[in-house]
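As a basis for the values below, the full set of heavy atoms in this structure was taken, side chains included, without hydrogen atoms, waters or symmetry mates. Fair warning: this is a prediction, and the values are worked out from it, not measured in the lab.
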Amino acid sequence: MKDLLKAVIALLFYAGLAPLLGMVLASRRTWQRAVFALMVFIPSWHPGKFTLMMGSVETYRGHAKGFEISLLEVLALALIIAVLTGKPRALAKPDLRHRGLPPGLFLYGLWCFAAMLSIVHAVEPSYALMALVRWSKGTLILAAAILYLRDEDDLRWAGRGLAVGLVVQALVCLKLRYFDGRFQVKGWFEHQNSMAMWAYMSALPLMALALHRRLPRWDTLLFIAGIGGGGLCILLSVSRAALAVYAAGCLAILLLAWWRQPGIRPALATVGGALGAVMVMLFAMDSINARMREVEASKEETELDLRDILNLQSAAMFHDHPWVGLGWNHFGVANSRPRGDRYSQILEDWDESRGFTIYEENYLANPLTESLYWLWLAETGLAGFVAFLCFELATLGWALRVWWKEKESLFGSAAGGLGVMLTLCYAHGMVERILTQPKNLSMWLLLAGMLGGMEWRRRSDARQPKNVRR
């Protein structure tokens with residue numbers, strides 16, 4: 001009965017509210033900007049505030065546990081309708097008729113199709129369909145971001161949404177650490193690593209925007225607050241990998257700013273960054289060192305850690321199903337008893353070598369591999385893995401081209417920051433599968449879509465005669 005009610009709600013929201021809101025937004029550009037700012041803010045909310053789940057399998061440890069309904073997708077659909085039905089005179093020139101096909105949508109759709117080929121080996125086809133619904137509906141978010149972004153005002157509004165989300169999350173983390181007494185805080189996220197990854201995904205593009213000389217003063221101050229909030233979230237999460245990514249990303253963006261637009265802003269950011277590093281060493285290194293000692297103590301007990309063993313499971317699955325994988329969203333089935341005896345045995349042998357007594361009931365819900373790429377190799381085979389890499393490379397290509405072509409504009413700075421962030425994020429995926437988390441997936445698609453919008457705008461300008469280019 002609950003799922004039936006949720007299905008009715010989904011129908012009302014996707015088929016009713018979204019088209020109606022889209023028609024209201026069609027001739028109101030400022031409202032469209034506000035909606036997109038809300039969209040980039042929403043991933044910082046608690047999941048229960050903007051999602052519903054139908055057919056939920058709470059005991060399953062896969063990356064999709066049901067058929068999700070998301071307010072973010074409803075807003076994305078409304079924004080798509082608003083842009084496509086808006087009058088050309090209400091749009092920034094050149095209008096949509098001169099732009100060609102939006103970049104990236106075909107490649108993203110190809111990834112979803114290639115991953116779904118794995119259903120031929122799926123022992124629970126409904127689990128594969130759960131993943132298909134989640135990732136394919138992400139097309140709405142990607143398309144909304146591509147269609148939305150047309151001028152620098154659009155970019156600034158998106159930045160405001162990111163900054164407010166980071167500041168709010170930082171306040172939540174401070175409460176959890178100093179009022180609730182928690183050590184590794186996770187804010188409103190499913191896990192502290194998920195929050196930390198979201199924080200640097202949001203903060204690094206903001207830093208690139210804040211360093212641009214044409215950004216208004218009040219936006220600059222808000223963005224700086226957001227950057228600081230992002231750093232604070234990462235510190236309080238005690239995520240070593242995210243902290244390293246954040247530091248490397250800030251340094252890379254500073255170097256790009258000194259190369260492209262040297263001046264007072266990069267100088268102040270350099271001094272501020274140095275002071276921030278000193279503050280981290282004085283006040284936060286105790287927490288980081290405590291976490292590192294925990295990890296080192298674990299490593300001393302055994303030559304291989306759990307991550308290595310789970311990757312060995314992935315390698316065995318890939319060996320058995322190299323072309324299309326053993327089933328999207330099936331790792332948790334295939335590596336656990338009773339249906340995954342062969343791969344569960346790898347984990348059981350490791351536990352036995354460490355002196356543990358093996359009880360089969362302890363291996364009914366084994367953890368998933370932490371590596372995003374090993375996960376895709378196991379679940380979707382070469383077909384899905386290669387398609388996913390193609391989409392990742394396309395986003396990096398957009399960032400490089402826009403950064404190079406838009407040397408003096410806010411778009412160029414944003415593309416540089418997004419390119420740095422995505423490069424580090426994709427490298428981080430080798431040890432964390434955080435992009436499979438719903439909120440991180442949504443933020444990634446929003447930011448990748450913004451890059452796609454910048455690339456679409458660049459291609460549009462390239463098609464225009466020189467005397468009418470922006």
Practice problem: Calculate, to the nearest 0.5 Å, the distance between atoms CG and CD1 belonging to Leu12 and Ile69 respectively. | Solution: 10.5 Å
Practice problem: Inspect the surroundings of CZ in Arg214 and state if more than 12 heavy atoms from other residues, nucleotides or ligands are less than 6.0 Å away. | Solution: yes
Quiz item: Taking NZ, NE, NH1 and NH2 as the nitrogens, is one of them in Lys137 or Glu68 under 4.0 Å from a carboxylate oxygen of the other?
Solution: no
Self-check item: With Phe388, the ring pair (Phe, Tyr, Trp, His ring centres under 6.0 Å) member among Trp111, Trp328, Phe113
Solution: Trp111
Quiz item: For Phe189, which residues count as a ring pair (Phe, Tyr, Trp, His ring centres under 6.0 Å) partner, sequence neighbours excluded?
Solution: Trp198
Practice problem: Starting at CG of Leu400, measure out to CG of Leu451 and round the result to the nearest 0.5 Å. | Solution: 11.0 Å
Quiz prompt | Asn335 side chain vs Leu368 backbone, donor-acceptor pair below 3.5 Å | solution = no
Practice problem: Evaluate the side-chain proximity of Glu190 to Gln437: yes if any heavy-atom separation is below 4.5 Å, no if none is. | Solution: yes
Quiz prompt | Distance, nearest 0.5 Å, that separates CD1 of Ile146 from CZ of Arg457 | solution = 15.5 Å
Practice problem: Name all residues meeting the side-chain contact (heavy atoms from CB on, under 4.5 Å) criterion together with Ala199; count only those two or more places apart in sequence or in a different chain, and write none if there are none. | Solution: Leu166, Cys233, Ile234
Quiz item: Of the non-hydrogen atoms in Gln169 and Gly187, which two are nearest, and what is the gap between them?
Solution: OE1-CA, 3.3 Å
Quiz item: With distance as the sole test, does Asp3 use its side chain to make a donor-acceptor pair with the main-chain N or O of Met54 at under 3.5 Å?
Solution: no
Quiz prompt | Thr139 side chain to Ser136 backbone, donor-acceptor under 3.5 Å | solution = yes
Practice problem: Begin with the C-alpha distance, continue with both residues' side-chain angles, and end with the deciding distance and a verdict on side chain to side chain contact (heavy atoms under 4.5 Å, CB included) for Leu372 and Leu435. | Solution: CA-CA 8 Å; Leu372 177 68; Leu435 282 184; 4.1 Å; yes
Practice problem: Among residues two or more places apart or on two chains, list those pairs meeting side chain to side chain donor-acceptor pair (under 3.5 Å) that have a residue in residues 373-390. | Solution: His63-Glu379, Tyr373-Glu392
Quiz item: Which residue, Asp153, Asp154, Asp151, forms the salt bridge (Lys or Arg N to Asp or Glu O under 4.0 Å) with Arg29?
Solution: Asp154
Quiz item: What residues form a ring pair (Phe, Tyr, Trp, His ring centres under 6.0 Å) with Phe50, not counting sequence neighbours?
Solution: none
Quiz item: Can you name the salt bridge (charged side-chain N to carboxylate O under 4.0 Å, His left out) partners of Arg307, sequence neighbours left out?
Solution: Glu432
Quiz prompt | Check: Asn329 side chain, Tyr127 main-chain N or O, donor-acceptor pair, under 3.5 Å | solution = yes
Exercise. Answer with yes or no whether the side chains of Ser56 and Glu58 bring together a donor and an acceptor at under 3.5 Å.
Key: yes
Quiz item: Looking at residues at least two apart in the chain, or sitting in another chain, which of them share a ring pair (Phe, Tyr, Trp, His ring centres under 6.0 Å) with Trp45?
Solution: Phe41
Quiz item: What pair of heavy atoms forms the shortest contact from Leu204 to Cys250, and how long is it?
Solution: CD2-N, 3.7 Å
Self-check item: Spatial distance of atom CZ (Arg156) from atom NE2 (His212) [nearest 0.5 Å]
Solution: 10.0 Å
Quiz prompt | Value rounded to 0.5 Å, distance of CG in Leu162 from CG in Leu206 | solution = 5.0 Å
Exercise. Keeping the roles fixed (side chain from Thr436, backbone from Arg433), state whether a donor-acceptor pair exists under 3.5 Å.
Key: yes
Quiz item: Which residue pairs pass the ring pair (Phe, Tyr, Trp, His ring centres under 6.0 Å) test when at least one of the two sits in residues 220-239, sequence neighbours left out?
Solution: none
Practice problem: Would you check if the side chain of Asp305 reaches a backbone N or O of Asp308 as a donor-acceptor pair within less than 3.5 Å? | Solution: yes
Anything under 3.5 Å between a donor and an acceptor, one on a side chain of residues 424-431, the other on a protein residue two or more places apart or in another chain? List them.
from: Tyr426; atom 1: OH; to: Thr395; atom 2: OG1; distance (Å): 2.8
from: Tyr426; atom 1: OH; to: Trp444; atom 2: NE1; distance (Å): 3.0
from: His428; atom 1: ND1; to: Tyr200; atom 2: OH; distance (Å): 2.8

Self-check item: Residues which pass salt bridge (charged side-chain N to carboxylate O under 4.0 Å, His left out) with Lys186, listed by chain and number, not counting sequence neighbours
Solution: none
Quiz item: Is it the case that Glu73 and Tyr14 place a side-chain donor and acceptor less than 3.5 Å from each other?
Solution: yes
Exercise. Apply side chain to side chain contact (heavy atoms under 4.5 Å, CB included) to the pair Met116 and Leu129, showing each step before the final yes or no.
Key: CA-CA 8 Å; Met116 197 57 192; Leu129 290 174; 3.5 Å; yes
Quiz item: With sequence neighbours left out, what residues match Val24 under side-chain contact (heavy atoms from CB on, under 4.5 Å)?
Solution: Arg28, Trp31
Quiz prompt | Minimum-distance pair of heavy atoms, taken over all atoms of Gly419 and Ala399 | solution = CA-CB, 3.6 Å
Quiz prompt | Closest non-hydrogen atom pair, Ala257 against Leu211 | solution = CB-CD1, 3.7 Å
Exercise. Tell me, please, which residues at least two apart from Glu455 pass salt bridge (charged side-chain N to carboxylate O under 4.0 Å, His left out).
Key: Arg401, Arg458, Arg459
Self-check item: All ring pair (Phe, Tyr, Trp, His ring centres under 6.0 Å) counterparts of Phe411, not counting sequence neighbours
Solution: none
Quiz item: Where do Leu107 and Cys390 come nearest, in terms of heavy atoms and distance?
Solution: CD1-O, 4.0 Å
